[in-house]
Amino acid sequence: MVAHEIGHVVHWDMFLMTVVQLVPLLLYYVYRMCFRASSSSDGDSRSRGGAIGVAIIAYILYIISEYVVLWFSRTCEYHADRFAGTVTGNPSLLASALVKIAYGLAREEKGSEDEPEEGPKRRHNLDTIGALGIFDSGAAQALAIASYSDVGTTDVDRLTGAMRWDLWNPWAKWYELNSTHPLVAKRLLHLSNQATHMGRAPYVEFNLTRPESYWDEFFVDLGVYLMPLLAAIPLLLFGVVRYAAPDAFQNAFEASIFLLPMSIAFFGCALLLRFEFTYRSGFMAPMSVAALLHKVKVSGIRPVPCQICGTVIGRGIPGYMFSEDIPTTGICRIRRLRH
């Protein structure tokens, strides 16, 4: 892990990321200035509409530039991984460290009845690792928990099974698109390929054949996910026209007065349909966390109904740090949402 961080220093990643971040900052500044100008403008509707148009374009470019920055950050992570593998002469060392560190933190989070103080300690360690930006701790822990065997070592077969979602499910590409770091499974795959190229034994070999395409479920899930947004488009147009061209809005008020309640009704129906699709009733089979992590056809829209037997630890008042813990042991009915 030290070699990985040194790779960031050698490649001047901190400086480059600072420069790249200037682009979205400038675009967001232009958006805010144009929006304020349109709000305080005393001119005609044409000048206000022009200012709003520039603000909308600047904001769209700002969003695009943010995704470019995220792509640049993920590229830097791959280069740092490659640097670490080259300097140490064995890329499998970094691959092993990614899984071992993640499992160590996840195991401390679980704790034990004899050592209840391990929970806060683990939380502190996890926050520290997350601040270093080594990996996405949540995704890394998922792979580690799924691959750790009962005898205290990493089971490569289990790890390979847990990697299938990251490498096969189209939703993984969406989640990675919004992340500063590549998916851990992809980093392990790149490190394994580098090890093979260097004549070293790879830490894990992912040579499974994809049994089917998962794009059909993805497009269905995506359509359900976007339904409320698509239903809200008339509402957005209604508000933009009213704000940018109040005269035109006043002239077309009689025609648009029916659009507003219909759009609100469509939006509400779309939310209900998405909720019904996501939280469908049905049989909930008993499963383990490790088994859930091997599921491929799963997403935030398509969960897996199941029952998990274990201990649920939470707060009496969610989000309130001084609230008392409410540990509960038993069977918890949940739906696995893969994020």
Side-chain angles (χ1 to χ4, degrees), residues 1-20 69-109 121-122 124-149 151-167 172 175-176 179-208 293:
M1 303 310 299
V2 174
H4 171 90
E5 298 303 327
I6 293 177
H8 285 306
V9 177
V10 171
H11 298 149
W12 290 64
D13 289 343
M14 299 178 187
F15 172 76
L16 293 175
M17 288 300 301
T18 302
V19 174
V20 172
V69 171
L70 291 175
W71 168 83
F72 191 84
S73 175
R74 293 192 297 271
T75 303
C76 290
E77 293 299 324
Y78 280 127
H79 282 287
D81 286 350
R82 179 169 290 275
F83 176 86
T86 302
V87 170
T88 60
N90 188 1
S92 297
L93 296 176
L94 177 58
S96 176
L98 287 173
V99 176
K100 288 181 178 179
I101 291 177
Y103 177 79
L105 296 176
R107 188 185 182 197
E108 288 177 11
E109 180 180 12
K121 180 180 178 182
R122 189 224 63 86
H124 173 73
N125 292 341
L126 179 58
D127 292 340
T128 304
I129 294 295
L132 291 176
I134 295 175
F135 49 56
D136 183 337
S137 58
Q141 287 181 72
L143 280 177
I145 294 173
S147 60
Y148 205 77
S149 65
V151 297
T153 58
T154 300
D155 190 323
V156 177
D157 292 334
R158 290 187 181 182
L159 179 60
T160 303
M163 291 173 63
R164 294 182 303 169
W165 190 90
D166 288 357
L167 300 177
Y175 294 135
E176 186 181 46
S179 175
T180 57
H181 286 64
L183 293 173
V184 181
K186 290 189 176 181
R187 294 177 66 179
L188 294 177
L189 187 62
H190 278 264
L191 289 169
S192 297
N193 292 336
Q194 184 184 10
T196 303
H197 179 74
M198 297 174 63
R200 293 276 188 172
Y203 180 73
V204 59
E205 289 185 288
F206 188 86
N207 52 8
L208 301 179
L293 291 172

Peer 1: Does anything in residues 80-92 pair up under salt bridge (charged side-chain N to carboxylate O under 4.0 Å, His left out), and if so which pairs, sequence neighbours excluded?
Peer 2: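 The answer is D81-R187.
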
Peer 1: Only distances under 3.5 Å count here; give the side-chain donor-acceptor pairs of residues 9-16 to other protein atoms, sequence neighbours excluded, each with its distance to 0.1 Å.
Peer 2:
from, atom 1, to, atom 2, distance (Å)
H11, ND1, G7, O, 3.1
D13, OD2, H8, ND1, 2.7

Peer 1: What pair of heavy atoms forms the shortest contact from A195 to A201, and how long is it?
Peer 2: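 Of all heavy-atom pairs spanning A195 and A201, the closest is CB-O, 4.2 Å.
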
Peer 1: Measure the spacing between CG of L183 and CH2 of W165 and express it to the nearest 0.5 Å.
Peer 2: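 Here the interatomic distance stands at 7.0 Å.
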
Peer 1: In Å and rounded to the nearest 0.5 Å, what is the CZ to CE distance from F72 to M17?
Peer 2: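 Between atom CZ of F72 and atom CE of M17 there are 7.0 Å.
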
Peer 1: Considering residues at least two apart in sequence or located in another chain, which fulfil the side chain to side chain contact (heavy atoms under 4.5 Å, CB included) criterion with L93?
Peer 2: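 Listed in chain order: T88, N90.
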
Peer 1: Pairs in or reaching into residues 188-202: which pass side chain to side chain donor-acceptor pair (under 3.5 Å), with residues at least two apart or in two chains?
Peer 2: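 Applying side chain to side chain donor-acceptor pair (under 3.5 Å) to every pair that reaches into residues 188-202, excluding sequence neighbours, yields T86-Q194.
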
Peer 1: Decide yes or no on side chain to side chain contact (heavy atoms under 4.5 Å, CB included) for I6 and V87, but give the supporting numbers first.
Peer 2: CA-CA 10 Å; I6 293 177; V87 170; over 6 Å; no

Peer 1: Closest heavy-atom contact between V184 and D166?
Peer 2: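 So the minimum-distance heavy-atom pair works out to N-OD2, 4.4 Å.
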
Peer 1: Excluding sequence neighbours, so at least two apart, what forms side chain to side chain contact (heavy atoms under 4.5 Å, CB included) with W71?
Peer 2: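 Listed in chain order: R74, T75.
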
Peer 1: To the closest 0.5 Å, what do you measure between NZ (K186) and CE (M163)?
Peer 2: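 If I round to the nearest 0.5 Å, the distance is 11.0 Å.
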
Peer 1: Assess whether side chain to side chain donor-acceptor pair (under 3.5 Å) is satisfied between H181 and E176, documenting all intermediate values.
Peer 2: CA-CA 7 Å; H181 286 64; E176 186 181 46; over 6 Å; no

Peer 1: On a heavy-atom basis, which atom in S92 and which in Y203 lie closest, and how many Å separate them?
Peer 2: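 Where S92 meets Y203 most closely, the heavy atoms are OG-N, 3.1 Å.
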
